[in-house]
Amino acid sequence: MARITSGEMKERLAVYFIMGSQNSERPAADVLKEALDGGVTLFQFREKGQGALKGADKEALARQLQRLCRAYGVPFIVNDDVELALAIDADGVHVGQDDEDARRVREKIGDKILGVSAHNVEEARAAVEAGADYLGVGPIYPTSSKEDAKEAQGPDVLRRLREAGIAIPIVAIGGITAGNAKTVIEAGADGVSVISAIASAPAPKAAAAALAEAVRAARTR
Ligand SMILES: Nc1nc(C(F)(F)F)ncc1COP(=O)(O)OP(=O)(O)O
Ligand SMILES: [Mg+2]
């Protein structure tokens, strides 16, 4: 298996859904199935925070959600937990600035997808050097989904990265909705990643479809 191409990565980043058991009152598999039916293009299993599953329970949920993604042909990414990603042969991992060093992760995962969080040009350049396939940039807007989120940066951080010559696929994260997706795509993101916009929606399928339409419309400008 070769590394994902930049073009394919940009396509996959269009509507990047992230969730774990703590992001909905409903069973995660039910929410994910609706999101997949609504057209999400990439999924990240992020099992963190108060009450998060651990060990065998966490792995069992990961495998259940991975099976769903496989049935829809959507790549399955694991947040933080590189060992879990390797144990279940996930399609990739996402690590932040306070997680395992991205260069070390790239050595461990071979050609799997590697996503790295970046908040500024310096972190972005280092992530590209370390072998990242995409950057997660944000929080763009205030978020209630991440307890230790940094200050919201606004869409300008995306412009600053592109003006600095950061050409790697970028997904915007943090408080993103169908209402502000166009703004972040126009600022330079290749796609949007969301937790609550889908996981907390009364109708996750419709929420996913609305995000997909907003991104598609913004890309054709
Ligand atoms: N999980 C993430 N996924 C993305 C993605 F690009 F995939 F949208 N971007 C950023 C983050 C945040 O990553 P991190 O800073 O390590 O915090 P946490 O591990 O709590 O999520
Ligand atoms: Mg992390």
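Keep in mind the model is a prediction, meaning the values are calculated, not measured. Counting starts at 1 for both ligands and their atoms, in listed order.
Between the side chain of Asp99 and the backbone N or O of Gly96, at least one donor-acceptor pair lies under 3.5 Å.
Between the choices Lys150, Arg46, His94, the shortest heavy-atom distance to atom 4 (C) of ligand 1 belongs to His94. Nearest residue to atom 11 (C) of ligand 1 from Ser117, Gly191, Gly92 is Ser117 (criterion: closest heavy atom).
In the vicinity of Ile18, heavy-atom distances shorter than 4.0 Å reach the ligand 1 atoms 3 (N), 7 (F), 8 (F). Taking every heavy atom of Ser193 and a limit of under 4.0 angstrom, the matching atoms of ligand 1 come to 8 (F). Annotation for ligand 1: atoms under 4.0 Å from non-hydrogen atoms of Asp80 are 16 (O), 19 (O). Taking a cut-off of under 4.0 Å to the non-hydrogen atoms of Tyr134, the atoms of ligand 1 that pass are 6 (F), 7 (F). Numbered from 1 in the order shown, with element, the atoms of ligand 1 that lie under 4.0 Å from a heavy atom of Val171 read 5 (C), 6 (F), 8 (F). Shown in contact with Gly136 at under 4.0 Å from a heavy atom are these atoms of ligand 1, numbered in order with element: 6 (F), 9 (N).
For atom 1 (N) of ligand 1, the closest heavy atom belonging to the protein is Gln44 OE1, 3.1 Å. Protein heavy atom in closest approach to atom 17 (O) of ligand 1: Lys146 NZ, 2.9 Å.
For Asp99, a nitrogen or oxygen atom sits less than 3.5 Å from a nitrogen or oxygen atom of ligand 1, counting backbone and side chain alike. Note: an N/O pair closer than 3.5 Å links Lys48 and ligand 1 by distance alone. Not one N or O of Val137 is nearer than 3.5 Å to an N or O of ligand 1, by distance alone.
The Mg ion (ligand 2) is closest to atom OD1 of Asp80 (considering only N, O or S atoms). Among the heteroatoms counted here (N, O or S) of Asp99, OD2 is the one nearest to the Mg ion (ligand 2).
When every heavy atom of Val157 is checked against every heavy atom of His119, the shortest pair comes out as CG2-O, 3.7 Å. Contact detail for Ala178 and Ala214: the closest heavy-atom pair is O-CB, 3.7 Å. In terms of heavy-atom proximity, Val192 sits nearest to Val215 at CG2-CG2, 3.9 Å.
A distance of 11.5 Å separates CD1 in Ile113 from CD in Gln44, rounded to the nearest 0.5 Å.
With salt bridges taken as basic N to acidic carboxylate O contacts below 4.0 Å, none links Asp156 and Arg160.
Side-chain polar atoms of Ser21 and Glu47 form a donor-acceptor pair below 3.5 angstrom.
Residue Asp98 does not count as close to the Mg ion (ligand 2), with no N, O or S atom under 2.8 Å.
A side-chain hydrogen bond (donor to acceptor under 3.5 Å, both in side chains) with Ser117 is found for one member of Glu123, His94, Gln97 and no other, namely His94.
The aromatic rings of Phe76 and Phe43 are tilted relative to each other, their planes meeting at an angle between 30° and 60°.
At a threshold of 4.5 Å between side-chain heavy atoms, the hydrophobic network of Ile, Leu, Val, Met, Phe, Trp and Tyr places Leu13 and Ile166 in two separate groups.
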